[in-house]
Amino acid sequence: MLKSGDAVLEFTDVSLRASVGMGLLLDRITFAIAPQTRLAIVGPSGAGKTSLLRLMNRLSDPDSGQIWYRQQPLSQYSVIELRRQIGLVMQDSKLLGQSVEETLCYPARLRGVGAAAARRTLQPWFERLKIPQDWFGRQTVELSMGQRQRVAIARTLATEPDIVLLDEPTAAQDMGYAQHLLTYLMDADKLNAVVMVNHQLELVADWATHVLHLQQGKLVSYQAASQVDWPLLKQRIIDAQQENDWQDDWDENP
């Protein structure tokens, strides 16, 4: 059992509304992330997985409850300070319309590092995350979604955050690169925690240390990956997705 004060990130009775007067995206979520955790967030479409990630990075703030980062309320950190420590890469990453090289070097340049020095500092990250040299001169708008996401992940990891949040980082990648990325994230000892939304259970089963299952904005389970009944979890998500799809069809064609 994780003791109070041991968590790097903790949610206590957190709820989030879609908008004023609308229903809940997340309903009274409580859990804590220990140091060196690799957390997979799973569930059907519309379960609230991405909404949960956005709260961790303060792209959204909860309507009720409290989120703690290193024993301080998340709201006490400035957004800039917090995002230096908790890096978020969304599924469809926005890359400022720069070249790939400019995008990768941008965080270092903001800290006053010269272009040549930034390139030297980032070179190991290009190699670790397999960013091809012939991408550097391309504009980011020329890249596919999967390529943009790969660049965004490299840019975020190069800033060496305390926690990294990833929204479906393998969905637009081929299986070889997806496995390479997960292997790298297993060995990235400078990261205190990795939180990943991922629908590919066959990939996260061997990667995650913990699994958080959401459904209709509610926390179904939060447990060690070694305790998960993976076939049962997969079937529950399939059943919930089919029920959601049926409800959507009924709403459109009553």
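Along the sequence shown, residues carry numbers from 1. Here the structure is a predicted model, which means the values were calculated and not measured.
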Quiz item: What's the verdict on side chain to side chain contact (heavy atoms under 4.5 Å, CB included) for Leu55 and Ile29, showing C-alpha distance, side-chain angles and the deciding distance?
Solution: CA-CA 11 Å; Leu55 287 172; Ile29 303 294; over 6 Å; no
Quiz item: Step by step, would you call Leu181 with Leu185 a side chain to side chain contact (heavy atoms under 4.5 Å, CB included)?
Solution: CA-CA 6 Å; Leu181 175 62; Leu185 291 172; 4.0 Å; yes
Quiz prompt | side chain to side chain contact (heavy atoms under 4.5 Å, CB included) between Val164 and Ile153, worked out | solution = CA-CA 9 Å; Val164 65; Ile153 291 169; over 6 Å; no
Exercise. For Leu39 and Val211, run side chain to side chain contact (heavy atoms under 4.5 Å, CB included): C-alpha distance rounded to whole Å, both residues' side-chain angles, the deciding distance at 0.1 Å, then the answer.
Key: CA-CA 6 Å; Leu39 175 61; Val211 179; 5.6 Å; no
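A side-chain donor-acceptor contact under 3.5 Å links Asp167 and Thr50.
Between Gln149 and Gln173, the closest side-chain pair of non-hydrogen atoms falls below 4.5 Å. The shortest side-chain heavy-atom distance between Pro169 and Val89 does not fall under the 4.5 Å cut-off. Looking at heavy atoms from C-beta onward, Gln66 lies out of side-chain contact with Glu10 at the 4.5 angstrom threshold. Contact check for Leu214 versus Val42: no side-chain heavy atoms found under the 4.5 Å cut-off. For the pair Leu166 and Val194, the minimum side-chain heavy-atom distance is below 4.5 Å. Asp61 is not listed as a side-chain neighbour of Leu16, based on a closest heavy-atom distance of 4.5 Å or more. Lys234 is not listed as a side-chain neighbour of Pro231, based on a closest heavy-atom distance of 4.5 Å or more. By the 4.5 Å heavy-atom criterion applied to side chains, Glu101 and Arg138 are not counted as neighbours.
Counting non-hydrogen atoms of neighbouring residues, nucleotides and ligands closer than 6.0 angstrom, the CG atom of Leu232 exceeds 12 such neighbours. Residue-environment remark: CZ (Arg58) exceeds the threshold of 12 foreign heavy atoms within 6.0 Å. Annotation: Arg83, atom CZ; neighbour count of heavy atoms from other residues, nucleotides and ligands within 6.0 Å is above 12.
Pairing each heavy atom of Pro35 with each of Asp6, the nearest pair is CD-O, 3.2 Å. For Arg128 against His180, the heavy-atom pair with the smallest separation is O-NE2, 2.6 Å. Considering all non-hydrogen atoms of both residues, Ser15 and Leu24 come closest at CB-CD2, 4.2 Å. The two residues Tyr69 and Leu82 make their nearest non-hydrogen contact at CD2-CD1, 4.1 Å. Of all the heavy atoms in Ala240 and Pro44, the pair that sits closest is CB-CG, 3.7 Å.
Taken together through direct or relayed side-chain contacts under 4.5 Å among Ile, Leu, Val, Met, Phe, Trp and Tyr, Leu143 and Ile131 form part of one hydrophobic cluster. Hydrophobic clustering of Ile, Leu, Val, Met, Phe, Trp and Tyr side chains at less than 4.5 Å, counting indirect connections, unites Leu165 with Leu219. Under the 4.5 Å side-chain heavy-atom criterion for ILVMFWY residues, a single connected hydrophobic cluster contains both Val151 and Leu157. Hydrophobic clustering places Met186 together with Trp230 (ILVMFWY residues linked when any side-chain heavy atoms are closer than 4.5 Å, directly or through intermediates).
Although no hydrogens or angles enter the test, the distance criterion places a donor-acceptor pair under 3.5 Å between the side chain of Glu142 and the main chain of Gln139. Formation of a donor-acceptor pair under 3.5 Å by the Arg17 side chain with backbone atoms of Leu26 is not found in this model. Between the side chain of Glu127 and the backbone N or O of Pro124, no donor-acceptor pair lies under 3.5 Å. Thr156 places a side-chain N or O within donor-acceptor distance of the main-chain N or O of Ala152, the cut-off being under 3.5 Å. With Gln71 contributing its side chain and Ala7 its backbone, the two residues share a donor-acceptor pair below 3.5 Å. Within the 3.5 Å criterion, the main-chain N or O of Gly176 finds a donor-acceptor partner in the side chain of Asp174. When atom types are taken as modelled, the side chain of Arg28 and the backbone of Val14 share no donor-acceptor pair closer than 3.5 angstrom. Without hydrogens or angle criteria, His213 side chain to Gln223 main chain gives no donor-acceptor distance under 3.5 Å. Using modelled atom types, no side-chain atom of Tyr184 and backbone atom of Gln179 make a donor-acceptor pair closer than 3.5 Å. Looking only at distances, a side-chain donor or acceptor of Gln241 sits under 3.5 Å from a matching main-chain atom of Ser45.
Between Arg70 and Asp162 there is a salt bridge, with a side-chain nitrogen of the basic residue lying less than 4.0 Å from a carboxylate oxygen of the acidic one. A salt bridge links Asp27 to Lys218: at least one charged side-chain nitrogen sits closer than 4.0 Å to a carboxylate oxygen.
Ile86 contributes atom CD1, which lies 10.0 Å from atom CD of Glu81 (distance to the nearest 0.5 angstrom). Separation of atoms CD1 (Ile41) and CG (Leu52) is listed at 4.5 Å; rounding is to 0.5 Å. Note that CD1 of Ile33 and CG of Leu9 are 4.5 Å apart. Values are rounded to the nearest 0.5 Å. One finds the CZ atom of Arg150 at 13.0 Å from the CE atom of Met145 (value rounded to the nearest 0.5 Å). Rounding to the nearest 0.5 angstrom, the gap separating the CE atom in Met56 from the CD1 atom in Ile163 is 8.5 Å. Ile67 contributes atom CD1, which lies 11.5 Å from atom CG of Asp13 (distance to the nearest 0.5 angstrom).
Under the rule for a ring-ring contact (aromatic ring centres under 6.0 Å, His included), the partners of Phe31 that lie at least two apart in sequence or sit in another chain are Phe11, Tyr222.
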N/O donor-acceptor pairs under 3.5 Å from side chains in residues 200-210, not counting sequence neighbours:
unit_1	atom_1	unit_2	atom_2	d
Gln200	OE1	Thr170	OG1	2.4
Trp207	NE1	Leu182	O	3.4
Thr209	OG1	Arg38	N	2.9
Thr209	OG1	Arg38	O	3.2

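The list of ring-ring contact (aromatic ring centres under 6.0 Å, His included) pairs with a residue in residues 135-167, not counting sequence neighbours, reads Phe126-Phe136.
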